[in-house]
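Note on naming: letters A, B, ... go to the chains in the order of the sequence lines (proteins, then strands), and numbering restarts at 1 for each one.
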Amino acid sequence: MSSIQKIKGFADLFSPDSDRFTFLESTARSVFFKYGFGELRTPILEHTEVFSKGIGEDTDVVGKEMYTFPDRKGRSLTMRPEATAGVMRAFIESRQYQPGGVYKLCTMGPMFRYERPQKGRMRQFHQINCETLGSDSPLADAEIILMLNEFLLAAGLDRLTFEVNSLGCNDCRPGFRQALTDFFAAIPEEELCDDCKRRRATNPLRVLDCKVERCKKAIEGVPELPEHICPKCRDHFAEVLEVLDASDISYVRNPRLVRGLDYYQSTTFEVVSGDIGSQSSVAGGGRYDGLVRQLGGPDVPGVGFACGMERLALLLEAKENGEMKQPDFYVALLDERGLRQSLLLAQELRGHGLSGECALAAGSMKSQLRRAGKLNARFALILGGEELDAKTVVVKNLQSGDQAVVPWEHAVTLVRG
RNA sequence: GCGAACGUAGCUCAGUAGGUAGAGCACACGGUUGUGGCCCGUGUGGUCGUGGGUUCAAGUCCCAUCGUUCGCCCCA
C-alpha cells in the first residue's frame, strides 16, 4: 500500500464500531444527568505543567507516555493523557468555586498516550469521566461508585467486578510506604522478579500487585494498607463501605489495589473484566483531595473516575449477536424517468418518521429488490414505468411477500402499518 | 522500552522440494417479458506490505524496513 496510512495506535471507527461509542456516550450522559452532573468539554491540548504538576513528574504517564511538543512560540504543550487534570485546571480557571459548594462534572473524549498498542490499548483512546468536587464526605465516594455501577449496568455490562481500597491520606501514606520499603529491603534479591527488584526502589506500592508467583510468595506477610492508615482514613473508608453494603452493588476489597497516578489518595476503586485480555481494567478512580490546590487552586476535595471506552466497547461487541438494522423502506426504481419521484417519495416517508433509502439510479427489478433485501428493509416501494404513468407505487412487504398498488400519497399509511 | 507471531484479491485464508497466483465469502451481471432473500452460471478484482540480496528463476530462502496482532510494562 502506497496510500497514506493512519498513525500507529490511532483508529478510524466506522459503523458499527462507532455505534458502540455513541451508545456508551449517550447512556453515560443520561445516567449522569440523573445524578446532577453537567457536561464539561475541555481542550485536548494543555500546557504541559497541567499534567506534570497534576499527575506527578515521576509517574510513567508523565515520564514516558505523553505527546509533548513545543508550539510555534516554543511553549511546551501536551495532548491530554487523561481528563482529570484538565478538568481541574478549567474548574480553577473559571473561578466558580464557592466554599461549601459541590460541583459535579462529567466529560468524555479522546486521550493520548504514547504506548505500545495492544488489545484494549490505543495511543488515542477515549474515556468517560466524572468528578465530584467540593465534598470530602464518604457519601460522595459512595455515590460516584454507585453511579458508575448504574452506568455500566445501563450499558448492559455485567460480569464485572468492583475492587475497592483505601490508600490513606498524605498523613498516613508515607508511614506505610516506609513500612513497605523496610519489608522489601529484608527480602533476598533472588526471591524477586527483575521488575520487582527495580520496583521496590522506584515504586514500592507496585510490588504489591505483581503477578509473578515467586514474588507473591516472597512478599507473604507484607504490611497491608488497611492496617496502616490513620483513624480518620479508616473511618472514612468504613463509611464508604457501609453505604455500599446497604446498596445493591457487589464489590470486593482489594488491599493491594494501587493506582498509578500520584493524585489518588484515600478511597480508590477499579472495575475489572476477565473477558478482554490483559488490559483488564475498564474503569478506575478514587479520591484526590490535594489535586486542585496542587494546580494552584483553592483547597477543594474531589473524587471521580474514568472509564475506558475502547475496553467497554470490546465487552459490548462480545455480547452482540449480529442483529441487523431494519430500515422501514427502500424505494426501488426501474425507470429513469422516476429519479426525482424516488427521492420525493423517500422524503415523504422520512417526514413521517420512517427510515429508509431511495434508489439514486434506476436498475433492473432483480438488482433493485436484491438491494432492498440486502438493506433488510421492511418494505420495498417499487416505482416502474407503469406506476409513474399512473402516479402509483407498488408497496411490497418483504417479509410476507404481500404487495399492493396504491397512489403515491397512500404509501405512507401502508408502510406505517 | 522489551519479547513473540504474522503481513497473498474488499474480507477470511490456501499456496505443496523456489518455476511468473488460487478458494470461500462479498461485489457486478445473468438463469427469457417488471419481483429480493435459497440455488446455479459468468465476470470485476492482486506489481503476493515495502526496499535490497541469493538464484537461470522467489509469494516461497536471507537481510533490512514499515505495519498488524498478542504478551511484558503501564493504565482506562
Side-chain angles (χ1 to χ4, degrees), chain A residues 1-3 5-11 24 55 59-66 81-84 108 110-130 148 152 160 193-196 198-199 202-203 206 209-212 257-261 264 269-273 276-286 304-315 324 330 332-335 362-388 394-403 405:
Chain A
M1 299 291 161
S2 57
S3 58
Q5 300 176 13
K6 62 183 170 295
I7 300 170
K8 185 193 188 98
F10 288 61
L24 288 169
I55 301 171
T59 57
D60 278 14
V61 170
V62 172
K64 49 193 191 195
E65 295 174 1
M66 294 203 303
E82 59 103 47
T84 303
M108 50 194 77
M111 311 293 158
F112 305 84
R113 262 127 86 158
Y114 193 91
E115 297 181 273
R116 194 72 170 273
Q118 69 184 72
K119 187 176 187 182
R121 187 169 81 185
M122 292 285 132
R123 288 183 175 180
Q124 175 177 329
F125 60 105
H126 298 76
Q127 286 189 342
I128 296 175
N129 244 256
C130 286
L148 172 58
L152 293 170
L160 297 171
C193 71
D194 290 345
D195 286 321
C196 285
R198 171 177 52 80
R199 278 192 288 230
T202 58
N203 195 350
R206 277 262 148 230
D209 62 358
C210 182
K211 288 123 201 152
V212 179
L257 174 62
V258 167
R259 317 249 71 231
L261 275 36
Y264 285 118
F269 53 91
E270 197 165 307
V271 183
V272 183
S273 166
I276 54 172
S278 74
Q279 303 303 308
S280 58
S281 169
V282 301
F305 65 78
C307 292
M309 290 179 56
E310 278 76 4
R311 295 177 189 179
L312 295 178
L314 283 174
L315 291 169
M324 278 184 73
Y330 175 73
L333 181 65
L334 310 179
D335 186 321
S364 69
M365 179 65 91
K366 186 165 194 161
S367 68
Q368 288 290 292
L369 283 187
R370 259 186 194 161
R371 174 131 189 87
K374 180 138 318 222
L375 290 169
N376 195 33
R378 288 171 51 234
F379 286 90
L381 308 191
I382 305 170
L383 269 183
E386 294 170 22
E387 289 77 17
L388 287 168
V394 177
V395 178
K396 178 183 172 84
N397 181 320
L398 289 172
Q399 271 104 67
S400 64
D402 299 340
Q403 63 182 52
V405 186

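Taking 4.0 angstrom as the limit, A/Q279 places none of its side-chain polar atoms (N or O) nearer than this to OP1 or OP2 of B/C75. The shortest distance between the side-chain N/O atoms of A/K8 and the OP1/OP2 oxygens of B/U68 is below 4.0 Å. Close to B/G71, at under 4.0 Å from its OP1 or OP2, lies a side-chain N or O of A/S278.
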Scan nucleotides 2-6 of chain B against the protein and return all N/O pairs shorter than 3.5 Å with their distances rounded to 0.1 Å.
residue : atom : partner : partner atom : Å
B/C2    : N4   : A/R116  : NH1          : 2.4

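Taken from NE2 in A/H126 to CZ in A/F112, the straight-line distance is 7.0 Å, to the nearest 0.5 Å. Atom CE in A/M365 sits 11.0 Å away from atom CG in A/L333 (nearest 0.5 Å). A distance of 9.5 Å separates CZ in A/R123 from CD1 in A/I7, rounded to the nearest 0.5 Å. Between the CG atom of A/D60 and the CG atom of A/L261 there is a distance of 10.0 Å, given to the nearest 0.5 Å. How far CE of A/M66 is from CD of A/E115: 12.5 Å, rounded to the nearest 0.5 Å.
B/U20 and B/U55 have their C1' atoms separated by 15 Å, given to the nearest Å. For B/G22 and B/G3, the C1' atoms lie 35 Å apart once the distance is rounded to whole Å. The P atoms of B/G59 and B/A21 are separated by 9 Å, rounded to the nearest whole Å. Comparing B/A23 with B/G18, their C1' atoms are spaced 23 Å from each other, to the whole Å. Going from the P atom of B/A9 to that of B/A14 covers 12 Å, rounded to whole Å. With P as the reference atom, B/U8 and B/U12 are 8 Å apart, rounded to whole Å. Nucleotides B/G49 and B/U44, compared at atom C1', are 23 Å apart to the nearest Å. Only the C1' atoms considered, B/G1 is 11 Å distant from B/C74, to the nearest whole Å.
Residue A/N129 contributes atom CG, which lies 13 Å from atom C1' of B/C75 at whole-angstrom precision. Distance A/L375 CG to B/C27 P: 11 Å, rounded to the nearest Å. Straight-line distance from the CG atom of A/L261 to the P atom of B/A76: 5 Å, rounded to whole Å. Counting to the nearest Å, the C1' atom of B/C74 and the CD atom of A/E270 are 12 Å from each other. In this structure, CE of A/M122 is placed 12 Å from C1' of B/C70, rounded to the nearest angstrom. Note: CZ (A/F269) to C1' (B/C75) measures 15 Å, nearest angstrom. In this structure, A/R121 places its CZ atom 11 Å from C1' of B/G1, rounding to the nearest Å.
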Query - Heavy-atom protein contacts under 4.0 Å, nucleotides 30-37 of chain B, coded B base, S sugar-phosphate only, - none - result: BB--BBBB

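With a cut-off of 3.5 Å on both Watson-Crick or G-U wobble distances, the partner of B/C61 is given as B/G53. The nucleotide B/G7 finds its pairing partner in B/C66, both defining distances of the Watson-Crick or G-U wobble pair being shorter than 3.5 Å. When Watson-Crick and G-U wobble pairs are counted only if both distances are under 3.5 Å, B/G71 pairs with B/C2. Here B/G22 sits opposite B/C13 as a Watson-Crick or G-U wobble pair (both hydrogen-bonding atom distances under 3.5 Å). When Watson-Crick and G-U wobble pairs are counted only if both distances are under 3.5 Å, B/C38 pairs with no nucleotide at all. The nucleotide B/C27 finds its pairing partner in B/G43, both defining distances of the Watson-Crick or G-U wobble pair being shorter than 3.5 Å.
Partners of A/S281 under the side-chain contact (heavy atoms from CB on, under 4.5 Å) rule, at least two apart in sequence or in another chain, are A/E270, A/R311.
Proximity of A/F269 to A/L148: side-chain heavy atoms (C-beta onward) are separated by under 4.5 Å at one or more points. Here the side chains of A/R113 and A/V61 are in contact, with some heavy-atom distance below 4.5 Å. A/P81 has its side chain out of reach of A/E65: every pair of non-hydrogen atoms, C-beta onward, lies at least 4.5 Å apart.
The nearest heavy atom of RNA chain B to A/P117 and to A/A306 marks one nucleotide each, and the one closer to the 5' end goes with A/P117.
Residue-level contact check: A/G285 touches neither bases nor backbone, having no heavy atom under 4.0 Å from any strand.
Judged by distance alone, with hydrogens and angles left aside, the side-chain atoms of A/Q124 form no donor-acceptor pair with the main-chain N or O of A/G9 at under 3.5 Å. The closest donor-acceptor contact from the side chain of A/R121 to the backbone of A/R116 lies under 3.5 Å.
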